[in-house]
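In each ligand, atom 1 is the first atom listed, and ligand 1 is the first ligand listed. The structure displayed is predicted, hence computed values, not measured ones.
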Amino acid sequence: MAEVVRVSELSKHVGEEIALQGWVYNRTDKGKLCFLLVRDGTGFAQCVAFKGDLAPELFEQIMRIPQESSVIVTGSVREDKRAPGIPGGYEVGIKELKVVQAADIDYPMSLKDHGVDFALDHRHLWIRMPSQWAILKIRVKVMSAVREYLDSNGFFNLDTPILTPAAAEGTTTLFETPYFDEGFAYLAQTGQLYNEANIFSFGKVYCFGPTFRAEKSKTRRHLTEFWMLEPEIAFCDLDGLMEVEEGLISHIVQTVLRDCQAELKSLGRDVSKLENIAAPFPRISYDDAAKLLIELHEKETDPEKKDLLKFEWGMDFGAPHETEITQRYDKPVFVYGYPTAVKAFYMEPWPGRPEVCKSVDLLAPEGYGEICGGSERISDHDLLLKRIHEQGLPEEAFKWYLELRKYGSVPHSGFGMGVERVTAWICGIEHIREAIPFPRTIKRVYP
Ligand code: 4AD
Ligand code: MG
């Protein structure tokens, strides 16, 4: 039997007879020729059946093969610049074809256009389509680039629990679950607090896993279950943190550009917008961003836009504000020093300005908004306890967290990066729900 080769490796087998194992994504007939677009997980490749080369029954069978049938195609690899596919440029001249299973002919996600709700109801099939496959393949690369960067820069990956005893990112977005005789547990909104314990044993750590927010927001940037990368670093201040963030994001973008050209091309992504994403990234203070937004609001003459741009010091940014800030740069931009009131309880105050905290958000270009959020953490025990009281958080549940400030406390910082937001930005897609295999939103837990 011919050697089984994957679509992504076809270029290395020109002139050889090989076997492809996969599924028929599409079929087109041109008289004596029948073209199958076969996908195998690594790409999509054109396979050509020529009537004159094949037994009549086999050619007939290929002409009738339903979309999504599983097949083993044997044939010889040819280079042909015009051959469609991802990456394309190579095709297989069919000599034999074995149907593993002939798909039912009522395939719900057939090649015609589907509404987004229909597509989401059939997500288990939708992920087979080229666009979804390309997005998810880029997500895989984003995740491996994250690990590659941190593992080679002295970070240790320690997992943090998903069932937790208390809120860490505000009490309004908690998923609660009964927990035996202990009362209630909550799905983790962040692994940060446990990362903070881990740095006192390992110095530089990260956790990387699913994160839950009972988020009422229906925006294109919010999921109720998403994947967050969270690095945490001992002896690190806000400037040191921004250096790690820009190094990481540059590495991710450059790695995707290097390894996912075909996927980006198939998505129609303008890669020139990604090519100059390299450290350093611009840094502006919240104060300066606020000043800019207030001026823009004053100057705006279109009443509708003026209303959207309304801003005063102390507010968190809305999407229109983020767009105004980010469109001034062709790289992600750091905004640091947010008002304490709009950020989480654990953030270190700005020296001499307690109304401001040592926080930093990284905003992506092209309207994608916040991709990373982080801060320097409060390292003083009494100040942290005061914050916990002020926020009405249960002191008992934070006893262990407070203890970290009693035994060798140091300045330390960390951030969280949303995998789906970064993937959506790199892919240039509208909604982050396509950047996770099975999205969870307030309206959806199926399939
Ligand atoms: O800014 P957030 O809420 O920060 C934290 O949770 C910190 N504890 C992280 C840390 O310092 N260790 O979330 C961090 C990032 C956001 O910038 C965003 O990219 C993503 O997580 N994110 C979401 N992604 C999708 N859907 C949601 N509902 C998200 N909420 C946050
Ligand atoms: Mg945030």
Identity and distance of the protein heavy atom lying nearest [atom]:
atom: atom 19 (O) of ligand 1; value: Ile371 O, 2.9 Å
atom: atom 14 (C) of ligand 1; value: Met228 SD, 3.3 Å
atom: atom 16 (C) of ligand 1; value: Glu370 OE2, 3.2 Å
atom: atom 15 (C) of ligand 1; value: Gly416 O, 3.6 Å
atom: atom 18 (C) of ligand 1; value: Arg421 NH1, 3.6 Å
atom: atom 31 (C) of ligand 1; value: Phe226 CZ, 3.5 Å
atom: atom 7 (C) of ligand 1; value: Glu169 OE2, 3.3 Å

For Gly414, the ligand 1 atoms with a heavy-atom partner under 4.0 Å come out as 11 (O)
So the atoms of ligand 1 within less than 4.0 Å of a heavy atom of Ile432 turn out to be 25 (C)
- Query: Got a donor-acceptor contact below 3.5 angstrom from the Ser8 side chain to the Thr42 backbone?
  - Reply: no
> Which of parallel (below 30°), tilted (30 to 60°) and perpendicular (above 60°) describes Phe212 and Phe175?
Replying inline: perpendicular
Mind telling me whether Trp350 and Tyr336 have parallel, tilted or perpendicular rings, with 30° and 60° as the class edges? parallel
* Asked: N/O to N/O below 3.5 Å, does that happen between Glu420 and ligand 1?
  -> no
Would you mind finding which of [options] brings a heavy atom closest to [atom]?
atom: atom 2 (P) of ligand 1; options: Gln189, Gln192, Arg213; result: Arg213
atom: atom 28 (N) of ligand 1; options: Asn195, Leu223, Leu362, Thr211; result: Leu223
atom: atom 11 (O) of ligand 1; options: Arg377, Glu230, Glu232, Arg433; result: Arg377

- Message: Does the residue Phe212 have a heavy-atom contact with ligand 1, meaning some pair of atoms that are separated by less than 4.0 Å?
- Response: no
Do any of the N/O/S atoms of Asp361, backbone or side chain, fall under 2.8 Å from the Mg ion (ligand 2)?
no
